[in-house]
Novice: 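One structure, pasted below without further comment.
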Amino acid sequence: MPSGGGGGGGECTIVWIRRDLRIEDNPALAAAVRAGPVIAVFIWAPEEEGHYYPGRVSRWWLKHSLAQLQSSLGSLGASFITKRSTDSVLSLIQVVKSTGATQLFFNHLYDPISLVRDHRAKELLTEQGIVVRTFNADLLYEPWEVNDDQGRPFSTFSDFWNKCLSMPYDPAAPMLPPKRIISGDVSRCPSDTLVFEEESEKGSNALLARAWSPGWSNANKALTTFVNGPLIEYSVNRRKADSATTSFLSPHLHFGEVSVRKVFHLARIKQVLWANEGNTAGEESVNLFLKSIGLREYSRYISFNHPYSHEKPLLGQIKFFPWIIDENYFKAWRQGRTGYPLVDAGMRELWATGWLHDRIRVVVSSFFVKVLQLPWRWGMKYFWDTLLDADLESDALGWQYISGTIPDGREFDRIDNPQVEGYKFDPNGEYVRRWLPELARLPTEWIHHPWNAPESVLQAAGVELGMNYPLPIVELDAAKARLQEALSEMWQQEAAWRASIENGTAEGLGDSLETPIAFPQDTQMEVDQEPTRNNPATNPRRYEDQMVPSMTASLQRVEEEPSMDRNSDGSSRPEVPTDTAMNPQPGRQTMNLLQTFRNNNIPQFNINLGLQNAHESTAESSSSGRRERDGGVVPVWSPSTSSYSEQYVGEDNGIGSSSSYLQTHPQSHQLISWRRLSQAG
DNA sequence: CTGGTGTTATC
DNA sequence: ATAACACCA
């Protein structure tokens, strides 16, 4: 061990590593190295995530990524401490005390739980006399940097992204990794052994290593491979359901194994190159790829400005939507037994591999919300549990988009036709045949709508509808009709709610309806039967394995759900002072969030950063240029920063609308405006 | 030029 | 679903 020679009883800096598992372009690490002796710390406290205890494949990734980081840090000379904890902040304090460290540096995160935890970390450690500095490592621009002409946050993606692409200063250039790190003294701060996978999960996890290589250096390889290969064809290939043409960077990016800024810069370099060659297709490919990077940025932006976006719709009308609470639907969807081949193929792939092409994610989630009318949070939770790149902010954005609950989301009344989508994304049926062996012998003509196939064709293909492959769980026409009914009920309820607000009666109606539907509690989350008879029998347990760990974890805390919501509900009106006196339940995670919002006016966000030099290239100048922006502020959501939250009803004041449904429901908008006027006057 | 038809994207 | 866009007669 490189021991604490340089540190000598203190003066060292703790770098708190989280989802920034890299040594390259890691601003907190770089700054710490510059400041003197360094101790890197990783704290595993999954219980802090509440419902969002990481799923099996996600934990598998983390385990391997962490191992690689640890060995890299070790070879640079740094010590790496790992701690098992149920309270990260307390553990941090212990680490600081036992190492005599005087500084704590870490990089920003933007999910709701981190916003609260990191804020608390900063407060408590500052109280202890520790210098706390935090940095932007996860985004091209901090959420508070990207505003419209009036200094307000954008509410649509395209506006947001256009602004990002035309900022007066470029995203910071990526920094090189430190050449050598002097370690602080860790002799009095032992590490805990971290356990990321249960015995029962190991078999299933072994399969993952065939397809994926976690870790920062593998992330760099994946990036290089992509930028030098598939990127140029990205635009042409993006329509294919086969995932072979995507960047495969999302899990790497989720864990911060590679910096988005590096991704951005490398892609941009290629773009300039191709533009000079007159390769417009290549140029366009980069635009499209960067757009998906932009969506990731936007998801953080949304999460920062609306910290409940992972559980509450941003447009509030939807809270009156009569969801169909049907766990059999839910189960059929998870098992890939809906009777719609493209949907089922996607769900089987997700189940088996933890991966899904973005297109297919849209197909299956849209089916979930619009055809099955299941509550979107269930679907999001399942994605969380099963996706290798599960990411709270990105997934929340995705599901809200599909559900039509953000201003630029899909229309409420739009139902995608899986058959049509099937021929679009999988014209030859290869994808369906790969994941639905029971349909493998069906001719392409019928592969996406076997229910229409002549009996003779089905027989020849060995398909028995209702036996080895289901009939459609819901007919599309029926789904359309049912959706229309549900929507008109939603509008009626909304109108009634507004009317009752005006009368000053029935104030609570909206609240009671808004209680989110708890995640299913049944133990039947595991698969109770073989999904298909013909499925490859190579590893029949695989299906069960996939299900058990994650959903079991959610079970343990399902009972907390209602109170959690009450909290979130209270915080949704942070501007209303009378509310502050109510809901005192302290000690709850979300309560902390609530308290933070209320007690904390941290409006120091709109720092003008016009001074940024776009062309810093060395670590030194780069971070000194960045110090002002990164040095002190821990991102914490505060009502004062999002004046435009008024625009959303998510926040209970019933304002806000997407242009698309404005047109179809002008009366609703009038009511809203009227109410707004009456309030103002 | 113009209207008709087909294609594509929508976070 | 639908609007923007391209292409064509």
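Not measured: the values here are computed from a predicted model. Below, read A as the first sequence line, B as the second, and so on, with proteins coming before strands; counting in each chain starts at 1.
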Novice: Once you measure the plane-to-plane angle for A/H449 and A/Y423, does it fall in the parallel (<30°), tilted (30-60°) or perpendicular (>60°) bin?
Specialist: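 Rings of A/H449 and A/Y423: perpendicular, as their planes differ by over 60°.
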Novice: Between atom CD in A/E284 and atom C1' in C/dC5, what is the gap in whole Å?
Specialist: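 For the pair A/E284 CD and C/dC5 C1', the rounded distance is 13 Å.
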Novice: Would you kindly say whether A/E349 and A/Y431 are connected by a side-chain donor-acceptor distance under 3.5 Å?
Specialist: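 Indeed, the side chains of A/E349 and A/Y431 share at least one donor-acceptor pair under 3.5 Å.
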Novice: Do you know the tightest heavy-atom contact between A/H448 and A/V432?
Specialist: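 Smallest interatomic distance, heavy atoms only, reads CE1-CG2, 3.4 Å.
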Novice: If we ignore angles and hydrogens, is there a donor and acceptor under 3.5 Å between the side chains of A/Y382 and A/R334?
Specialist: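 Checked: A/Y382/A/R334 side chains show no N/O donor-acceptor pair below 3.5 Å.
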Novice: Answer with yes or no whether the side chains of A/S114 and A/R117 bring together a donor and an acceptor at under 3.5 Å.
Specialist: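 The answer is yes; a qualifying pair exists.
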Novice: Could you state the atom-to-atom distance from OH of A/Y423 to P of B/dG6 in whole Å?
Specialist: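 For the pair A/Y423 OH and B/dG6 P, the rounded distance is 20 Å.
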Novice: Are any protein N/O atoms closer than 3.5 Å to N/O atoms in nucleotides 1-3 of chain C? If there are, list each pair with its distance.
Specialist:
{"residue": "C/dA1", "atom": "N6", "partner": "A/R414", "partner atom": "NH2", "Å": "3.4"}
{"residue": "C/dA1", "atom": "N1", "partner": "A/R414", "partner atom": "NH1", "Å": "3.1"}

Novice: Once you measure the plane-to-plane angle for A/F160 and A/F154, does it fall in the parallel (<30°), tilted (30-60°) or perpendicular (>60°) bin?
Specialist: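 A/F160 vs A/F154 ring planes: perpendicular.
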Novice: Do we count A/Y401 as stacking onto B/dC11 if the rule is ring centres under 5.5 Å and planes under 30°?
Specialist: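 Here A/Y401 meets both the 5.5 Å and the 30° conditions.
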Novice: Considering every strand and a 4.0 Å limit on heavy-atom distances, what is the contact class for A/D358: base, sugar-phosphate, or nothing?
Specialist: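 A/D358: base contact, heavy atoms under 4.0 Å.
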Novice: Distance check needed: B/dC11 C1' versus A/R359 CZ, whole Å only.
Specialist: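 So the two atoms are 11 Å apart, to the nearest Å.
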Novice: Taking CZ from A/F425 and C1' from B/dT8, how many angstroms apart are they, rounded to a whole number?
Specialist: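 Between C1' of B/dT8 and CZ of A/F425: 10 Å.
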Novice: Grab the CG-P distance between A/N162 and B/dC11 for me, whole Å please.
Specialist: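 About 11 Å, once rounded to whole Å.
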Novice: Starting from P on B/dC11, measure out to CD on A/Q400 and report it in whole angstrom.
Specialist: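 So the two atoms are 14 Å apart, to the nearest Å.
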Novice: Figure out the CG/C1' separation between A/L288 and B/dT8, and round it to whole Å.
Specialist: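 A/L288 atom CG is separated from B/dT8 atom C1' by 11 Å.
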Novice: A/E297 has an atom CD; how far is it from atom P of B/dC11, in whole Å?
Specialist: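 A/E297 atom CD is separated from B/dC11 atom P by 17 Å.
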